[in-house]
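Sequence positions, counted from 1, serve as the residue numbers for this chain.
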Amino acid sequence: MLIHGSGPGVTAWANWRLAMPELAKSHRVIAPDMLGFGFTARPANNLCNLERWISHTIDLLDELGIERIDLIGNSFGGGIALALAIRFPHRVRSLVLMGSVGVPFKLTPGLNAVWGYEPSLQAMKGLLDIFAYDRNLVTNELAELRYQASIRPGFQEAFSAMFPAPRQRWVDALESKEHDIRALSHDTLILHGREDEIIPLQTSQTLFEWLPKAQLHMFGHCGHWTQIEHATRFSKLVVDFLAEDETN
């Protein structure tokens with residue numbers, strides 16, 4: 001299961017479109033739009049929080065009749081994946097955390113800009129410049145696609161209701177406790193772009209120190225979009241990691 005990040009106009013497809021075909025060669029891939037995002041129905045009061053996102057994920061697995069999964073989380077999705085593994089350890093076989101939240105860090109200007117997005121094509125272009133190290137990925141077509149997604153009916157209303165200022169509290173709300181993280185026994189692959197301006201590299205270093213069965217891979221010349229900027233390497237690392245874990 002793939003859990004996307006929290007950028008404006010995000011959907012599971014937008015986040016994982018390059019990785020899904022590669023992962024699907026060896027695994028069943030499930031990539032939902034999380035509660036409040038994309039095309040998944042929104043709560044009437046737009047109230048979303050960590051507990052509701054976890055419940056949404058577990059309810060989806062139950063509906064699909066899936067008892068145990070490999071869980072891959074990007075950024076915001078990494079925080080959900082981590083917290084879900086803590087609360088329901090028997091439902092998770094292994095973890096992949098990419099540019100993940102879930103541990104203490106100071107809100108970055110980049111994340112503040114992402115969560116504070118107000119719809120305009122120019123604002124979206126500015127955000128994509130923050131997301132990607134390789135500016136060749138920030139095309140006018142991509143900016144237009146993400147901008148149009150962000151202004152679909154109900155999208156921005158739900159998004160802006162999730163992370164209003166002051167935004168450090170939402171970083172804190174996605175944290176898991178250190179002793180709970182240290183108690184996890186799942187094999188975990190941690191991935192991070194060295195030039196990430198959204199989530200500091202420190203978060204993955206902290207996770208690597210706290211998680212007993214972790215390995216950490218850093219990508220140079222990479223921002224927050226590891227799965228896009230280094231798509232082939234990302235997919236190969238994940239597939240190889242899952243294959244190794246299956247033999248343990």
By side chain to side chain contact (heavy atoms under 4.5 Å, CB included), which residues pair with [X], not counting sequence neighbours?
X: Asp62; result: Ile58, Arg91
X: Leu201; result: His192, Gln205, Met218
X: Arg52; result: Leu35, Pro43, Asn45, Leu47, Asn49
X: Thr206; result: Val103, Gln202, Trp210

*Within a reach of under 6.0 Å around CZ of Arg167, are more than 12 heavy atoms found that belong to other residues, nucleotides or ligands?*
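Enclosed: over 12 neighbouring heavy atoms sit under 6.0 Å from CZ of Arg167.
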
*Above 12 or not: heavy atoms from other molecules or residues under 6.0 Å from CD of Glu63?*
no

For the residue pair [X] and [Y], establish whether any side-chain heavy-atom pair is separated by less than 4.5 Å.
X: Ser204; Y: Leu216; value: yes
X: Met162; Y: Trp170; value: no
X: Leu128; Y: Trp225; value: yes
X: Leu82; Y: Ser100; value: no
X: Phe105; Y: Leu111; value: yes
X: Ile30; Y: Ile66; value: yes

_Sequence-distant partners of His230, ring-ring contact (aromatic ring centres under 6.0 Å, His included), two or more places apart_ =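 His230: ring-ring contact (aromatic ring centres under 6.0 Å, His included) contacts with Phe219.
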
*Inter- and intrachain pairs under side chain to side chain donor-acceptor pair (under 3.5 Å), touching residues 2-11, at least two apart*: Ser6-Trp115

Please, which pairs that meet salt bridge (charged side-chain N to carboxylate O under 4.0 Å, His left out) have at least one residue in [range], sequence neighbours excluded?
range: residues 97-123; answer: none
range: residues 14-29; answer: Glu22-Lys25
range: residues 139-156; answer: none
range: residues 192-221; answer: Asp187-Lys213

If I compare all heavy atoms of [X] with all of [Y], which pair ends up nearest, and what's the gap?
X: Glu229; Y: Asp134; answer: OE1-N, 3.2 Å
X: His186; Y: Pro89; answer: NE2-O, 3.0 Å
X: Thr108; Y: Pro200; answer: CG2-CD, 3.7 Å
X: Gly193; Y: Thr226; answer: N-OG1, 3.8 Å
X: Pro119; Y: Ile151; answer: CB-CG2, 3.7 Å
X: Ser75; Y: Gly5; answer: CB-CA, 4.4 Å

*Describe, in one word, how the ring planes of Phe131 and His224 are oriented to each other, choosing from parallel (under 30°), tilted (30 to 60°) and perpendicular (over 60°).*
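Ring orientation, 0 to 90° scale: tilted.
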
*Tracing side-chain links under 4.5 Å among I, L, V, M, F, W and Y, which residues wind up in one group with Phe39?*
Phe155

*Kindly give the cluster partners of Tyr133, where membership spreads through any ILVMFWY side chain lying under 4.5 Å from a current member.*
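Members alongside Tyr133: none; it stands by itself.
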
